[in-house]
There are 2 protein chains.
Amino acid sequence: MPRQVDHEARRRQLTEALLRIAGTRGLQAVSMREIAAEAGVSLRVVQYYFTNKQALLESGLTELGARIDRRLKERVTAAAGELTPRDVFAAVLRTILPFDEQSRLDSMAWTAYYTVALTDPALAAVGLTLPNALENVLTARLTAAQQAGHITPDRDPRTEVAGLLALANGLTSSVLSRQRSYEDAVKIIHYHLDRLFGPAAV
Amino acid sequence: MPRQVDHEARRRQLTEALLRIAGTRGLQAVSMREIAAEAGVSLRVVQYYFTNKQALLESGLTELGARIDRRLKERVTAAAGELTPRDVFAAVLRTILPFDEQSRLDSMAWTAYYTVALTDPALAAVGLTLPNALENVLTARLTAAQQAGHITPDRDPRTEVAGLLALANGLTSSVLSRQRSYEDAVKIIHYHLDRLFGPAAV
DNA sequence: CTAGTTAGGGTACAGGTGTATCCATTCGAG
DNA sequence: CTCGAATGGATACACCTGTACCCTAACTAG
């Protein structure tokens with residue numbers, strides 16, 4: 001075999017360039033040539049490692065989902081050990097919000113993808129798996145927490161989780177548009193967690 | 001003066017065509033020629049009544065805001081009279097969600113606009129006035145309701161309102177992506193209103 | 001050493017984009 | 001009746017888009 005190149009690395013490089021553009025200038029600014037320029041390669045290379053623009057876009061969404069998933073796992077297991085259920089939820093919801101420059105860029109890109117997914121079934125399939133999985137995992141956690149007596153029995157775990165995730169999504173929007181600061185959004189989250197789990201479990 | 005045409009009507013006709021496209025196929029599908037086709041006129045007419053594509057887009061966002069505002073006022077004042085504060089909030093939040101085909105289309109268009117506004121300062125200015133105004137009006141209402149004893153004094157009206165609006169926005173997203181039905185979203189809203197105002201005020 | 005595959009530079013093509021221009025009609029004011 | 005402004009049809013332009021193709025290096029298995 002002749003000259004071998006690490007395809008996986010090349011594709012990651014291109015996908016990251018794509019997400020950088022989507023996060024700063026939006027998905028409408030993403031074109032084959034822009035990606036090539038951002039990655040510092042020629043148009044041909046982009047074509048060589050991705051058959052389609054569609055394939056490239058799907059790769060971007062997949063990577064985005066993987067990043068968020070990775071961040072969630074890192075930040076939840078990081079402060080593991082003697083974590084109360086409330087702490088777990090706080091960590092997850094804080095991680096969903098754009099908390100630093102990188103996660104702001106990713107949230108921007110995610111929002112852009114979500115919007116085009118509303119009119120593009122192919123992307124919708126890829127983009128809905130993460131939110132659904134998250135809702136299920138958290139519902140299971142909250143149900144367990146309820147049985148352990150951490151929240152009162154009159155709460156409905158699935159409804160609570162759906163509400164908290166919708167809240168986090170809505171807050172993300174307002175943080176991205178700079179209508180609200182990250183810190184204010186976190187306060188609102190904690191305010192709701194207080195209501196759910198009872199006063200702050202310092 | 002020669003043949004006079006109702007400019008206002010023409011522009012409305014074109015703006016509505018624009019919003020129909022944005023609501024069904026997304027903002028990325030909006031082009032001068034598509035608008036012309038959707039409105040049943042020639043490209044020249046679109047150019048004649050709007051100097052720019054930018055002007056057209058801004059007109060679309062303005063109209064969208066006006067529609068939502070109109071709907072809010074209709075549905076709130078409709079069941080006026082002996083409305084409890086809780087009923088007012090329920091009406092507002094239910095109106096934000098996509099509750100019929102028309103409001104679903106508008107919500108789609110709104111989401112599309114919101115996303116491009118994140119990377120387009122000109123649109124951001126237009127698009128943020130409505131949410132901010134709404135938050136202020138509702139905060140005033142809730143503060144008054146608190147003084148009248150409809151909610152307990154330990155609640156913070158501004159935080160509650162911000163949370164409820166973020167919740168409604170997040171739920172709108174999930175309804176648009178058909179992750180959740182409108183009815184389920186309404187249930188979650190009422191669930192939270194119960195917590196805020198106390199058990200259902202029949 | 002050589003054949004053959006992988007990797008990419010360069011360029012072309014068909015189609016869509018916003019915008020500008022040319023021109024014909026329409027019609028009311030004088 | 002006529003002149004000129006309002007309205008809009010038709011077309012052109014320059015640019016950007018995704019994709020396809022040609023051809024040359026590079027390199028390794030034989």
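We name chains A, B, ... by the order of the sequence lines, and we start the count at 1 in each one. A quick note: this is a predicted structure, and the numbers were derived from the prediction, not measured. Computation of the quantities below employed the complete heavy-atom set of this structure, encompassing side-chain atoms and omitting hydrogens, waters and symmetry-equivalent molecules.
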Give a yes/no on whether any side-chain N or O of Tyr48(B) is located under 4.0 angstrom from OP1 or OP2 of dT7(D).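 For dT7(D), OP1 or OP2 has a side-chain N or O of Tyr48(B) closer than 4.0 Å.
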Flag for [Y]-[X]: side-chain donor and acceptor within less than 3.5 Å:
{"X": "Gln47(A)", "Y": "Arg44(A)", "result": "no"}
{"X": "Arg141(A)", "Y": "Asn136(A)", "result": "no"}
{"X": "Asn169(B)", "Y": "Thr172(B)", "result": "no"}
{"X": "Ser103(B)", "Y": "Asp106(B)", "result": "no"}

Is the closest basic N to carboxylate O distance between [X] and [Y] below 4.0 Å?
{"X": "Glu135(A)", "Y": "Arg158(A)", "value": "yes"}
{"X": "Arg10(A)", "Y": "Asp6(A)", "value": "no"}
{"X": "Arg195(A)", "Y": "Asp154(B)", "value": "yes"}

Could you go through the side chain to side chain contact (heavy atoms under 4.5 Å, CB included) check for Asp194(A) and Arg86(A) one step at a time? CA-CA 9 Å; Asp194(A) 284 348; Arg86(A) 190 209 139 99; 2.5 Å; yes
End-to-end bend of the helix from dT2(C)-dA29(D) to dA29(C)-dT2(D) (five-pair axes, 10° rounding)?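 Nearest ten degrees gives 10° for this helix.
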Before we go on, tell me: are the rings of Phe197(A) and His150(A) under 6.0 Å apart, centre to centre?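 No, ring centres 6.0 Å or more apart.
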What is the distance from CZ of Phe50(B) to P of dT17(C), rounded to the nearest Å?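 Rounded to the whole Å, the gap is 18 Å.
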What is the ring orientation for His7(B) with Tyr49(B), classed by angle as parallel under 30°, tilted 30 to 60°, or perpendicular over 60°?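 Correct class here is perpendicular.
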Interface with DNA chain D, restricted to residues 7-20 of chain A and to heavy atoms under 4.0 Å: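 Heavy-atom cutoff 4.0 Å gives no residues at all.
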For nucleotides 13-20 of chain D, give me one character per nucleotide, 5' to 3': B if any protein heavy atom sits under 4.0 Å from the base, S if the only such contacts are to the sugar-phosphate, - if neither. ----BBBB
Of the nucleotides dG8(D), dA7(C), dG9(C), which one has an atom closest to the side chain of Val5(A)?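 Nucleotide nearest to Val5(A)'s side chain: dA7(C).
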